Amino acid sequence: MIILDTNILTKSGIDSATTDLVKIIRSSGIERVAVPWVVLEELTAHRAVPYRRKYEAAEAALRSLTEGTPWPIRVPLPQMDLQRFQDEWREKWLDVVDVVPTSEAVLKQALMREANLLPPCKQVTINEGGDTAKIGGRDAAIWLTAVEYAREHPDETVYFVSKNTTDFGDGVAFPYPMNEDLTGIEDRFVLLTTWYDVMGSSHSGPTTPTRPRCVRSSRPRKASARSRLRPFV
């Protein structure tokens with residue numbers, strides 16, 4: 001199983017060589033390619049937030065124009081349908097990757113790690129006054145989703161791919177408690193940091209002793225975005 005972090009797909013976009021390769025690998029059955037549910041929502045948010053801001057800017061511009069014009073201006077602005085917009089983009093990404101559900105237990109553990117500043121969570125300074133904030137809950141949820149999948153599928157090798165070497169590391173050593181997360185699955189949980197590494201692992205075998213199992217994955221049927229968020233079995 002290849003599990004991708006958000007940053008592997010956001011830099012390339014929905015129509016790119018990277019997503020084309022993902023589709024080819026996925027449809028060929030060479031490997032399953034998926035993202036944690038949190039990643040799907042982040043990918044969707046990367047489109048939905050700018051859309052909402054543009055709509056609000058258009059709404060403000062129309063209101064300003066109306067207030068500054070001595071005669072009535074009747075140019076109705078369509079109702080913002082953020083839910084529909086989000087569903088459309090979930091559908092687009094579900095044509096590229098499958099989704100690994102993020103369990104309630106993982107979400108709770110991720111929030112606990114952020115509260116206690118346990119890796120991959122951390123504390124950052126947010127202004128010149130020295131105020132700080134705890135961040136990384138979503139990173140923790142993404143990491144723990146990949147780990148949970150590996151534990152629940154003992155016959156598979158999991159390739160977790162992320163460019164975020166600052167928080168996830170380079171795959172050589174992991175800080176506490178991430179090192180303990182991998183207890184018992186070290187030989188079949190591989191952290192890769194580039195898409196090039198994925199291609200190398202798929203064609204010439206991973207750098208670890210265990211070679212991945214090839215599991216066929218069928219292309220999802222067209223359905224609503226919610227109905228297509230199904231767990232792997």
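Being a predicted model, the structure only gives us computed values, none of them experimental.
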Do NZ/NE/NH1/NH2 and the carboxylate oxygens of R138 and E114 come within less than 4.0 Å?
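No.
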According to a 4.5 Å side-chain heavy-atom criterion applied to Ile, Leu, Val, Met, Phe, Trp and Tyr, with indirect links allowed, do I135 and V38 form part of one hydrophobic cluster?
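Result: no, two separate clusters.
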Say you draw a straight line from CD1 of I2 to CG of L192; how long is it, rounded to the nearest 0.5 Å?
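Reported to 0.5 Å precision, the distance equals 8.5 Å.
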Looking at N164 and F168, would you say the former's side chain and the latter's main chain have a donor-acceptor pair under 3.5 Å?
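Flag not set: sc N164 to bb F168 has no pair under 3.5 Å.
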Going hydrophobic residue to hydrophobic residue with side-chain gaps under 4.5 angstrom, can you get from I142 over to L182?
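Both belong to a single hydrophobic cluster.
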Closest contact, heavy atoms only, L144 versus A110
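Smallest interatomic distance, heavy atoms only, reads CD1-N, 4.0 Å.
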Got a donor-acceptor contact below 3.5 angstrom from the N116 side chain to the L118 backbone?
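A pair under 3.5 Å: no.
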Salt-bridge test for K163 and D5: reply yes if a basic N is under 4.0 Å from a carboxylate O, no otherwise.
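Looking at K163 and D5, the cut-off is not met.
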Are the aromatic rings of Y159 and W195 close, with centres under 6.0 Å apart?
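No, they do not, as the ring centres are separated by 6.0 Å or more.
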Which pair of non-hydrogen atoms, one from T166 and one from K122, has the smallest distance, and what is that distance?
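Heavy-atom minimum between the residues: CG2-NZ, 3.9 Å.
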Looking only at side chains, do T125 and T132 share a donor and an acceptor under 3.5 Å apart?
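The criterion, which ignores hydrogens and geometry beyond distance, is not satisfied for T132 and T125.
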Check D98 with R32, please: is the shortest side-chain N to carboxylate O separation under 4.0 Å?
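No, this pair does not count.
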Assigning hydrophobic clusters by single linkage (Ile, Leu, Val, Met, Phe, Trp, Tyr; side-chain heavy-atom cutoff under 4.5 Å), is L65 placed with V75?
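Shared cluster, yes.
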Using only heavy-atom distances, determine whether the side chains of E156 and Y149 contain a donor-acceptor pair under 3.5 Å.
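Y149 and E156 do have a side-chain donor-acceptor pair below 3.5 Å.
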Side-chain donor-acceptor pair under 3.5 Å between T194 and D197, yes or no?
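Yes, side-chain donor-acceptor contact under 3.5 Å.
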Minimum-distance pair of heavy atoms, taken over all atoms of G171 and L191
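Distance-wise, the nearest heavy atoms are N-CD2, 3.4 Å.
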Partners meeting salt bridge (charged side-chain N to carboxylate O under 4.0 Å, His left out) with R52 (sequence neighbours left out)
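So R52 forms a salt bridge (charged side-chain N to carboxylate O under 4.0 Å, His left out) with E56.
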Dump the intermediate steps for salt bridge (Lys or Arg N to Asp or Glu O under 4.0 Å) on K108 and E104, then the final yes or no.
CA-CA 6 Å; K108 288 181 176 180; E104 180 181 351; 3.2 Å; yes
For the pair T66 (side chain) and L62 (backbone), establish whether a donor and an acceptor sit closer than 3.5 Å, ignoring hydrogens and angles.
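At least one qualifying donor-acceptor pair exists.
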Using atom types as modelled and distance alone, determine if a side-chain donor or acceptor of K134 lies under 3.5 Å from a backbone N or O of A115.
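Side chain of K134 to backbone of A115, a donor-acceptor pair under 3.5 Å: yes, one is there.
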Identify the heavy atoms of P78 and Y55 that sit nearest to each other, and give their distance.
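That closest heavy-atom pairing would be O-OH, 2.6 Å.
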Anything under 30° is parallel, anything over 60° is perpendicular, the rest tilted; go ahead and classify W143 against F160.
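W143 vs F160 ring planes: perpendicular.
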Roughly how far apart are T19 OG1 and K92 NZ, rounded to 0.5 Å?
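These two atoms lie 11.5 Å from each other.
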Roughly how far, to the nearest 0.5 Å, is OG of S162 from CG of N7?
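N7 CG to S162 OG: 4.0 Å, rounded to 0.5 Å.
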Is the closest basic N to carboxylate O distance between D139 and R113 below 4.0 Å?
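R113 and D139: not salt-bridged.
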Please check this pair: side chain of T69 against backbone of W71, looking for a donor-acceptor N/O pair closer than 3.5 Å.
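Flag not set: sc T69 to bb W71 has no pair under 3.5 Å.
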Salt bridge between R90 and D87, side-chain N to carboxylate O under 4.0 Å?
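Yes, charged N to carboxylate O under 4.0 Å.
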Do L82 and L43 belong together in a cluster built from hydrophobic side chains that touch within less than 4.5 Å?
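In one cluster: yes.
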So if I apply the side-chain contact (heavy atoms from CB on, under 4.5 Å) rule between V198 and each of T193, V161, T18, L21, which one comes out positive?
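It is V161; the other options fail the test.
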Show the nearest heavy-atom pair for residues F189 and A150, with the distance to one decimal.
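So the two residues come closest at CD1-CB, 3.9 Å.
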Under a 3.5 Å distance rule, please check whether E186 uses its side chain to pair with a backbone N or O of G184 as donor and acceptor.
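Yes.
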Indicate the atoms forming the closest heavy-atom contact of L77 with A58, along with that distance.
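For L77 versus A58, the nearest heavy atoms are CD2-C, 4.3 Å.
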4.5 Å side-chain heavy-atom contact, H46 and T6
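With C-beta onward as the side chain, the pair touches.
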State, with a plain yes or no, whether a side-chain heavy atom of I3 is found less than 4.5 Å away from one of V35.
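Counting from C-beta outward, I3 and V35 never come under 4.5 Å.
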Between D131 and N127 (side chain of the first, backbone of the second, donor and acceptor by atom type, cut-off under 3.5 Å), is there such a pair?
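Flag not set: sc D131 to bb N127 has no pair under 3.5 Å.
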Please tell me if the side chains of T10 and E42 come closer than 4.5 Å, counting only heavy atoms from C-beta onward.
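Side chain of T10 against side chain of E42, heavy atoms only: no contact under 4.5 Å found.
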Nearest 0.5 Å please: distance from the SG atom of C121 over to the CE atom of M112.
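With rounding to 0.5 Å, SG (C121) is 9.0 Å from CE (M112).
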